[in-house]
Every structure is written in C-alpha cells, then in structure tokens.
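Let me give you the structure first, and then I'll get to my questions.
Computed over heavy atoms, backbone and side chain alike; hydrogens, waters and symmetry mates excluded. Residue numbering restarts at 1 for every chain, and letters A, B, ... go by the order of the sequence lines. Predicted, not measured: the structure shown is a model, and the values here were computed from it.
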Protein chains: 2
Amino acid sequence: MAGEKVRNMEEFARMSGISRPTLSKFFNDPTSVRASTRSRIEAALEQFDYRPNIYAMNQNRKLTKNIGIVVPLLSDPYFAEIARNLEQRCIAAGYRPTLFSSHGDTALEVEVLQTLRSLKPAGVLLAPLGRASDNKALEAFCAEVPTLIFDSSVEEIGLSFVGSDNVQFTTHITDYLCRTGEPPCFFEMKTPANPNAHRRRQAYIAAMESFGHTPEVVSVEGEGWGFEEIGRLGGHEALTNKWFSTNTILCSNDRLAIGLLTACYEQGVRVGRGQDCAIRVAGQDGHPHSRYTCPPLTTISHNYDAVSQTAAIALFLAIEGQLSPWKSTRLEGQLILRDSA
Amino acid sequence: MAGEKVRNMEEFARMSGISRPTLSKFFNDPTSVRASTRSRIEAALEQFDYRPNIYAMNQNRKLTKNIGIVVPLLSDPYFAEIARNLEQRCIAAGYRPTLFSSHGDTALEVEVLQTLRSLKPAGVLLAPLGRASDNKALEAFCAEVPTLIFDSSVEEIGLSFVGSDNVQFTTHITDYLCRTGEPPCFFEMKTPANPNAHRRRQAYIAAMESFGHTPEVVSVEGEGWGFEEIGRLGGHEALTNKWFSTNTILCSNDRLAIGLLTACYEQGVRVGRGQDCAIRVAGQDGHPHSRYTCPPLTTISHNYDAVSQTAAIALFLAIEGQLSPWKSTRLEGQLILRDSA
DNA sequence: ATAAATTTTTTACGCGCGTAAAATTTAGCT
DNA sequence: AGCTAAATTTTACGCGCGTAAAAAATTTAT
C-alpha cells in the first residue's frame, strides 16, 4: 500500500517481475490469473504504490466497470438511503458506482443521461422522475445502455423493473386502518410526480370497496417535489373546509403525511389513536424520518434491502451476460405501527 | 444535437471542416477560439452527434475538469442540500462534479479519497467527518490535490476553509432565548462527531456568562450519526431525571432537537412558547426538515447559498491559478423564529 | 516421464485525444 | 493596400493501457 510510487503498468511490471499483459488481466479481473501469480502481484502491490490509470483503462475497454446510479431527488432521505445501499452493493461486486440526482427536474434528468452516456457505463440503475420524465429520452438511453429501472416504473423499458408492490402497500394499511377504527380517507396530490401514486389511489379505492366502505379521495394542488409543503398547505385547506369525511387519513406517501401532521399541529388538531385525539394519520413508504414525527408516523415501509439487492443482482447478471427477459418484480412492504394511527 | 453519430474528433474535424487541434482547444475551453470559429463549431454540433471521449480527454491532460464533492453523510438532507448546491455551481462553471459520501465511516472516507485520487480531479470540495476523520490521510490527500475544506474545519489543511460561524450561531440564538424567556440549558452529545459542536458548547457557555446566567450543559451518550435517535433517547433520560434546570433547551443541532421533540411528545411534555407549554426547544442549522416538526422548530440557519458560493468560488480561483494564502471564512447564520421557542 | 492443457511472456498495434512547433491563413489596424 | 498580431492548420509524437497472436513456460493428466 505505502511505498515508492510507480508511474505506470510497465514500470510496475518491471518492478514486480510480471508481464504487463498479465497485470492487465489481473486488474481487469483478479480471478482470471493463476492463484500463485495473483499472490505475487498482491505482494508487489503491498510494496509499491501503484493504481492503474482509469482513463487509459477505460479508453479501449469495450465495457467499463462503471455503474451509474440515478435517483430523482437525492435530498429525499428515502432515495439517499436506497442510493447508499445500491452504492455499497456495486462496490462489493467490484464495480465503480457513480451517483447522480435529477433534482426533480426533467431537463436535468436528460442531462444526467447524456453525462452517463459518455461514462460508457457497464450498466445503470435508474429511478426515473416518473410523470415528469422525458420518456423518449429514457427509451433511447435504455436502448444504448443496459439499464435497470427501479422504484418507479415506466412501461416496459430497460432490462427489468424492481420496486415495491404499491397495491399490497395500500391494501394492507387500508385493511389495518379499517380494522382498528373508522375507515380512512385518502390524501394525495392532484398531479402526483410518479405512477406509484396512481396505483396507491386505485388500490385504496378497490380495498375500500371490497371492505364495503365508500372511498373518499382528497386531492390537493401542488407541483414539484416539495411534498411536505404541499401536504401542509393542502392539509390546512382540507381541515378548514372539512374535506375529510372520517377521522382517519391515509396519505399517499410519508412526506405528504409529515406535512399534514404539521398542518394538524398548526390547527390544534390532536393526532393519534388515543381517546383525546381527533384524527388518525398514516403514511406510506417507511421514510427514514417517519419515526421522529410527533406523533411518530404509522406507515408501511419499503423493504429497502430487498429492493436494492434484487435490483443490483438483476443488473449484475445482465452485465455478466445472463440476459433474461424483461420482468417486473414488486416487493411487499411491512406495516410499522406507531402512535399516529 | 440529433443527427448522424460521429466516432471521434478526427471524423468530426473532417465533417465540420475544422482542424482537430482547434476542436481540441474548443472542447477544452470554448472561449479560447475565435468567435466566428466557435459558431461554426457549434453549428456543426447541431448537425452531428459528437461528444469527446472523456477517457481519452483526461488521459493526457495535466488537469481534468473533474471536481470531487465529498460530504460525511449524504442521507442527511442538510448535506444533500449543500451538495446539490455545490454540484450546480460546478456545472455552471464548466466543471464535471462527482458526488461522494463517507456515510459516516472513517474507512469509507479514506476509500473515497483513494478513489478521488485516481480521478485526477482539478479540485475537491471536502466536508470531513470531523472527529472521526483520519487526519493523516486527509493531510496527505490535500498535499496532492487542491482541496477546499467546508462545513467542518480540520486544522489548517487544504486551500482554505469555508463554513458557518458557530460562535455567532450560538451566541445569537442564546441571546434570543434569554431575552424571550428563561435562559436555555444546552443539550448535546457527549462525544460529538465534529468540532462545530465544541465551538457551539463553548459559545453557549461564554454567552450565558456574559449575560450573567449560569450555563447548564446536558451531555448525552451516543455514537455515530443517528442524531435523532441519540436526541430521543437522551431526551427521555434527561426529562425523566430532570436534568434540565430551566424550561428552555438549546440543542447543539437540529437533528438532536428533532429527536428531543419526539421524546417530549412521548412523555407528554408540551413544547412551544404558548402559556400551556412546558418547555421551549430550539435547534441550530436550519435543517430542511425543521419547518415540519411539531411544533415547527425555532433554529438558526446556515446560509446555504453563501457557504456554497464562497466555497465554490474559492476553489475555482485556486484551480485557475489564483492562489491565495490559507484562510478561514465563517459566515453568519439567520435566526428562524417558529413555534418551538 | 511424457504429452496435453493451461498460463504467462513476448511482441506489436491501436484507441482518441492532448499538445508542441512550424507553416499558413485570417483579422485588426494605420 | 500593407503591415502586424492573432488564430488556425499541418504535421507529428506520446499518453497508459487493452488486446490480439505466437512463442515459451508452467501445471496437470496420463
């Protein structure tokens, strides 16, 4: 690790007494050389400080070891968490992940894809913006680069899709709410950013009807990715105008719920399942912050680990040649019972 | 933009009728060629789909256009937000930023620096882990790569330091709390992750003494970067054992405050400045989430824009040869009054 | 021990672009 | 128009490594 610096592979070949092409093979895949050779190289790496020049490496290689990870909004801890998880898995598998965020902006997402193209990645893990995505650009990109879509599906694009089973999410938590109190109203954005929201609304309606209740959907205005503020403002409006027909509110996602909780606080409405509480609020996503709201938020959580593992493994297999037909994998979530509902 | 693909610069030279060396100059810096030539090249770029191969580009260039951005924990929205801000500034200035997170782990921070080395970046914007950083590794890195330290200072390392004026932060908010109610106790981690926390404690003590009050510091156990949980558990302990000598609590940072608010909720302690409230809680940082706590958190906010602008500009100047002596810039924060205090 | 299979070495070329130096063209100015 | 300064073209080499092919060495099997 420490030791005198070596300028290039040729010099390292001389110093270590191993031919350059063999070293090249080693750095490309350590298991591709005989075990005895490998240990000789590793011993030399201890003595000398040498790392291959990544630019020269990637220049002629048909396939780099780069993997791009793209999320719609890195400042959302949910995406930050899943990105971290994916990043670690890529490193563990010997790839070089690079993190990108579309920052909730269509044009930026397209730019990220452009940047990604020039990185010549072996593969890409992409969570699209959703409704705001430039679908043609996505399609063109997927045709060029092996891309696995996660979180938010966009038709049958890319290698496969891995995400959560939104229908199960909403059905499950709706069922819980119905069994433990008044049936819930559904609180959502009128023009949600991604298709998961539509699935959740539909699942809510279907679940309510199957339980013999009348679904009540409250859709509030608001554009963009500032969900908390949309939830807060929408919450104020809904509370003031008594749009909620029952004392239980299921939010389309946790960030909206967080905003609604703030609105409730600001209107002096007590939230929780206690006798002294006026309404119950539940979210969906298992957002990292949901534990720390007041009251702590009852929600149904993504299986972060399973989603990222499934996505990563599917991409690795595709990169390594194990092509399988397009498939959609949707993982179940887990109900997290807290004080808010 | 759209049009037939061109394989390399030579082919693009033929197609556009402009010599390859001139194109090379153009792609390195568009303003370095005559305006008429520039517009001819830009016209050709509209017709043909060509982007220089970044690997070939960076192979021989003494200085790449890469800039590394390193934060200690990307899943903390505060760092995510400042990283986003820096990223945009780099792009606007014609650089290629790459985002890294140390994920709160010393070994990972060292690994990130290793990875960064092989990227041969023109410069790096680095927010160190702080106490957990491997200072020798940081020093060695800074000696090799132009590095601007931000957020959390580590001796006189790198080009310069840009961050917030923690003394001003704490003095200002302590003053506010003293003027509007009982003087605050100070709530912090016993072994904080970064040096800013020490400055804040000291500034609190100094401020209290200068106002003629007795400082009361409550330090709670807890390791790592799960500040909310540390604040919640420590909050329970402090409330149960009546460690707070006044009804006002100034937290070392917002995430700790968020955890404390949850503890208060769980113990049925009403927080706010109303008559019916038992205690007041304030934070420090202007965390993106602080608006949505219940009650919304009174805090003193970093000047995100100014910090990132100052940091970015300082780095750009250094990269472009305008070397100036090491300097520490600490920017003032702005008090944000909300319901919690 | 000998042949066969595998691995390593030798040799050699090319990737796409940066960059230097000299020759040539173009623009700016009186 | 004529001159100078600046920009562009021509020519040519090199960066560090991937990779192919053939020769040599090593390991494994018989």
Could you tell me whether B/P21 contacts a base, only the sugar-phosphate backbone, or nothing, with contacts defined as non-hydrogen atoms closer than 4.0 Å? base

Would you find more than 12 non-hydrogen atoms of other residues, nucleotides or ligands less than 6.0 Å from A/E139 atom CD? no

Under 4.5 Å between any side-chain heavy atoms of A/S160 and A/T329, yes or no?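 Answer no - side chains too far apart.
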
Presence of B/S24 side-chain N/O under 4.0 Å of C/dT19 phosphate oxygens OP1/OP2: no

Please give, in whole Å, the distance from C/dT7 P to A/F26 CZ?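 In whole Å, C/dT7 P and A/F26 CZ are 16 Å from each other.
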
Calculate the interatomic distance between A/N60 atom CG and D/dG16 atom P; express it in whole Å. 14 Å

Taking atom C1' of C/dC17 as reference, at what distance in whole Å does atom CG of B/N28 sit? 11 Å

It should be established whether B/T37 places a side-chain nitrogen or oxygen under 4.0 Å from OP1 or OP2 of nucleotide D/dT8.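 Result: yes.
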
Mind checking if A/R20 touches a base, just sugar-phosphate, or nothing, with heavy atoms under 4.0 Å?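 A/R20: base contact, heavy atoms under 4.0 Å.
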
Between A/N53 (CG) and D/dG16 (P), how many Å, whole number? 7 Å

Could you check whether any side-chain heavy atom of A/R34 comes within less than 4.5 Å of a side-chain heavy atom of A/T37, counting everything from C-beta outward? yes

Using heavy atoms to find the nearest nucleotide of DNA chain C for A/G17 and B/L23 separately, return the residue whose nucleotide is more 5′.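 Its nucleotide being nearer the 5' end, the pick is A/G17.
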
B/S19, nearest nucleotide to its side chain (from D/dA7, D/dT10, D/dT27):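 Of all the options, the side chain of B/S19 is nearest to D/dT10.
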
Among the candidates D/dT27, D/dC17, D/dC15, find the nucleotide nearest to the side-chain atoms of B/Q59. D/dC15

Starting from P on D/dG16, measure out to NZ on B/K120 and report it in whole angstrom. 8 Å

So which nucleotide from D/dT8, C/dG18, D/dG16 ends up closest to the side chain of B/R61?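 From the listed options, C/dG18 comes nearest.
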
Looking at B/R84 and B/E87, is there a salt bridge between them, counting it only when a charged N and a carboxylate O are closer than 4.0 Å? no

Could you tell me how far apart B/M9 (CE) and C/dT19 (P) are, to the nearest whole angstrom?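 The answer, rounded to whole Å, is 11 Å.
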
Minimum-distance nucleotide to B/Y50 side chain [options: C/dA27, C/dC17, D/dT9]: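 Among the listed nucleotides, the one closest to the side chain of B/Y50 is C/dC17.
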
Closest to side chain of A/P52, choosing from C/dG18, D/dC17, D/dT9: D/dC17

Considering all heavy atoms, the nearest B/T147-B/F141 contact: OG1-CE2, 3.4 Å

What is the distance, rounded to the nearest whole Å, between atom CE of A/M57 and atom P of C/dG14? 22 Å

Between A/S36 and A/R7, just flag the one whose closest nucleotide in DNA chain D comes earlier from the 5' side.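 The residue whose closest nucleotide sits nearer the 5' end is A/R7.
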
d(CG, B/D29; C1', D/dA7) in whole Å: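 About 14 Å, once rounded to whole Å.
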
